[in-house]
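Following: one structure in structure tokens, then a few remarks.
One-based numbering, in listed order, for ligands and for the atoms of each. These figures come from a predicted structure and were not determined experimentally.
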Amino acid sequence: MIIQPQIQGVVARSCHPFGCQAAVSEQIAKSRTQQSSSDALPKRVLILGASSGFGLASRIALAFGPAKADTIGVSFERGVSDKGIGSAGWYNNIFFHQAAEQEGLVSTNIVGDAFSSETREQVAKAIEQDLGGQVDLVVYSLATGIRPNPETGEFWRSAIRPVGETVEGYSVNFEKNSLDKISLPPATEQEIDETIKVMGGEDWLSWMQFLNERNLLARGCETVAYSYIGPEHTHAIYHKGTLGLAKTHLHHTRNGINTLLESIEGRANIAVCKALVTKASVFIPGLTPYLLALYRVMKDKGLHEGCIEQMNRLFYGKWHDAADRDTEGLIRIDDWELRDDIQLEVNALLAEMTPENFENIGDYQGVLGEFLQLNGFAFPSVDYNQDVDIDALKALHP
Ligand code: NAD
Ligand code: NA
């Protein structure tokens, strides 16, 4: 079978396994060259949301960088079936595992709903059997639109909306190669509450409580969750909108987890990341024009980073310098994005951007390329005319 990209709006309905393999290999190569002078690197790591974006990059950085960590990765992905080829994250899991095994590293993939108690039990068992009973680091990198409410069996659903005002703007459509005008009405109280349930800190705390009660956290264990704040230009849609309120909740949760971990001298961290093209971020209406402008300016200045560059800089740069935190104690790997000179140029580009000129004003080809690569397409090293053997794919398991 020949696999083609199938794009609907901002969602890819197909993925290319060989391209996913190329993506994992490229990231591994970028972590192998890292150096660290710290002798306190985490050796046993649990990653929640390990199959794509920042979670996958964290796993690769920690396994193939100087930490040489054994890892357990939890994700929600699907394999090949009558319905289709499966999801990119499914293949990322498979090819990460193959590479880790070759390297002599422990790598366990657990595919299931991270919100469920069954998955918590599976993780507990895996930490005991595969990691010797405890972890040194828990990376919390879930991004999702729904979370089951265990009391009702129904779902909380996030809504990406402004709060208190209607926002007019543009959103990129990768299917039509267009910049579409959008108008986002303010969130209702219920939409605000449910977004905080889905993307706030409650589940992070609950995971840490579970692992702590089971004595699965090593002395000095750390945890990190990822956040976004962004510049003034995106505040109406992000920082002051529903997602931002959920992130503020996440930031406060750090204090609760720090209290929880006091007895084992553990620590909770928030890393504020840069805006990047991921499966989750292209869903945020109004953010994509900003990404087009940001990519252009940061590339021009030689400061562009993808997920793997961000995670390498986090774990082998910022992490061990306790002084390298902002006044709220957050780790800022959005520091380059928010530089005044960058934002000045970004704002100038955004002021000029229209549905007619966005492909030239912004880095549309670069953003589209990264979007395609998330799903295994657009890798120069992959021969996309090559036949993909579906039965061979069915035999692969994460
Ligand atoms: P992503 O979509 O690439 O990754 C999400 C991961 O969560 C995947 O591994 C997916 O399988 C997993 N997942 C989703 N629902 C799950 C479930 N129910 N059970 C188990 N696994 C599940 O997203 P991302 O952009 O890497 O986001 C990760 C974190 O980084 C989020 O907190 C996000 O807000 C934050 N962040 C993203 C950006 C950005 O620009 N992309 C910037 C700053 C912070
Ligand atoms: Na992730």
Side-chain angles (χ1 to χ4, degrees), residues 10-12 15 20 23 27 46-60 72-78 86-93 96 109-120 122-123 139-148 155-158 160 195 198-201 203-204 207 224-230 234 237-239 241-251 253 270-284 287-288 290-291 294-295 305-308 310-311 314 330-334 337-338 367 370-371 373-375 398:
V10 293
V11 183
C15 72
C20 294
Q27 293 193 50
L46 168 64
I47 299 107
L48 302 165
S51 59
S52 65
F54 285 108
L56 174 64
S58 304
R59 190 180 197 184
I60 291 174
I72 295 172
V74 177
S75 61
F76 204 51
E77 303 291 349
R78 57 181 194 283
S87 55
W90 176 267
Y91 297 101
N92 292 338
N93 283 338
F96 173 87
N109 285 313
I110 295 173
V111 177
D113 182 3
F115 296 114
S116 73
S117 47
E118 290 85 345
T119 300
R120 280 162 166 70
Q122 271 181 284
V123 165
V139 174
Y140 189 87
S141 187
L142 297 179
T144 173
I146 57 170
R147 172 182 169 202
F155 287 97
W156 288 301
R157 288 171 199 282
S158 65
I160 308 172
T195 306
V198 178
M199 288 299 286
D203 182 62
W204 182 27
W207 262 103
V224 62
Y226 298 129
S227 186
Y228 184 66
I229 294 175
T234 62
I237 179 60
Y238 197 105
H239 184 55
T242 50
L243 268 181
L245 290 178
K247 289 302 186 190
T248 302
H249 183 275
L250 184 82
H251 297 181
T253 305
I270 298 273
V272 185
C273 305
K274 160 187 197 267
L276 273 175
V277 179
T278 66
K279 216 170 80 182
S281 71
V282 293
F283 254 101
I284 304 173
L287 190 74
T288 36
Y290 173 71
L291 284 175
L294 184 70
Y295 272 46
E305 295 174 295
C307 288
I308 194 65
Q310 283 259 289
M311 293 300 110
L314 173 64
L330 311 177
I331 305 176
R332 304 302 297 259
I333 47 175
D334 61 345
E337 169 180 358
L338 294 185
V367 168
E370 279 194 18
F371 175 73
Q373 289 196 336
L374 290 178
N375 300 291

Under 4.0 Å from a heavy atom of Ala280: which atoms of ligand 1 are those, numbered in the order shown and with their elements?
2 (O), 23 (O), 25 (O)

I'd like to know if the side chain of Tyr295 reaches the main chain of Val277, judged simply by a donor and an acceptor atom lying under 3.5 Å from each other, with no hydrogens or angles considered.
yes

Could you list which atoms of ligand 1 come closer than 4.0 Å to a heavy atom of Ser141?
5 (C), 6 (C), 7 (O), 28 (C), 29 (C)

Gly73: heavy atom below 4.0 Å from ligand 1, yes or no?
no

Considering only heavy atoms, which of Trp204, Tyr140, Tyr226 lies nearest to atom 30 (O) of ligand 1?
Tyr226

Hey, does Thr278 come in under 3.5 Å of ligand 1, counting only N/O atoms on both sides?
yes

Atoms of ligand 1 close to Lys279 [distance to a heavy atom under 4.0 angstrom, numbered from 1]:
2 (O)

Under a 3.5 Å cutoff, is there a donor and acceptor pairing between the side chains of Tyr228 and Glu337?
yes

Validation row: Arg120, Trp207 side chains within 4.5 angstrom (heavy atoms):
yes

Rounded at 0.5 Å granularity, tell me how far CE in Met311 sits from OG in Ser58.
5.0 Å

Which atoms of ligand 1 are found less than 4.0 Å from any heavy atom of Gly53?
3 (O), 26 (O)

Which is closest to atom 31 (C) of ligand 1 by heavy-atom distance: Leu287, Leu243, Leu142?
Leu142

Looking only at non-hydrogen atoms, which of Phe76, Phe54, Phe283 approaches atom 38 (C) of ligand 1 most closely?
Phe54

Of all the atoms in ligand 1, which lie at a distance below 4.0 Å from a heavy atom belonging to Gly112?
19 (N), 20 (C)

As an exercise, identify every atom of ligand 1 less than 4.0 angstrom from a heavy atom of Lys274.
40 (O), 42 (C)

Expected output: side-chain Trp204 to main-chain Val224 donor-acceptor under 3.5 Å:
no

Region of Ala225 that comes within reach of ligand 1 [heavy atoms, distance under 4.0 Å]:
neither

Using a plain distance cutoff, I'd like to know if Glu77 has any nitrogen or oxygen under 3.5 Å from a nitrogen or oxygen of ligand 1.
yes

Contact summary for Thr278 and Cys307, nearest pair of heavy atoms
CG2-SG, 4.0 Å

Where on Cys307 is there a heavy atom closer than 4.0 Å to ligand 1, on the side chain, on the backbone, on both, or on neither?
neither

Consider every N or O of Ala114 and every N or O of ligand 1, then say whether any pair is closer than 3.5 Å.
yes

Can you tell me if Ser141 uses its side chain to pair, donor with acceptor, with the backbone of Gly55 under 3.5 Å?
yes

Please confirm whether Arg78 makes a cation-pi placement over Trp90, using NZ or CZ under 6.0 Å from the six-membered ring centre and within 45° of the ring normal.
no

Going by atom types only, do Asn92 and Ser52 share a side-chain donor-acceptor pair under 3.5 Å?
no

N or O contact, Val74 vs ligand 1, cut-off under 3.5 Å:
no

Near Ala50 (heavy-atom distance under 4.0 Å), the atoms of ligand 1 are 9 (O)

Give a yes or no on whether the backbone of Val282 and the side-chain of Thr288 come within a donor-acceptor separation of less than 3.5 Å.
no

His239 side chain to Gly244 backbone, donor-acceptor under 3.5 Å
no

Between ligand 1 and Gly89, can you find any atom pair, the residue atom being a heavy atom, that is separated by under 4.0 Å?
no

Counting each atom of ligand 1 from 1 as listed, which ones have a heavy atom of Phe115 under 4.0 Å away?
18 (N)

Is any N or O atom of Ser52, backbone or side chain, closer than 3.5 Å to an N or O atom of ligand 1?
yes

Option set Ala143, Ser58, Ala271, Ser281, criterion heavy-atom distance to atom 14 (C) of ligand 1, minimum:
Ala143

Under 4.0 Å between a Lys/Arg side-chain N and an Asp/Glu carboxylate O for Glu77 and Lys279?
yes

Of Ile333, Leu48, Asp113, the one whose closest heavy atom lies nearest atom 18 (N) of ligand 1 is Asp113

contact_flag Lys247 ligand 1 heavy-atom lt 4.0 Å
yes

Among residues at least two apart in sequence or on other chains, which ones pass ring-ring contact (aromatic ring centres under 6.0 Å, His included) with His251?
none

Any donor-acceptor pair under 3.5 Å from Asn93 side chain to Pro398 backbone
no

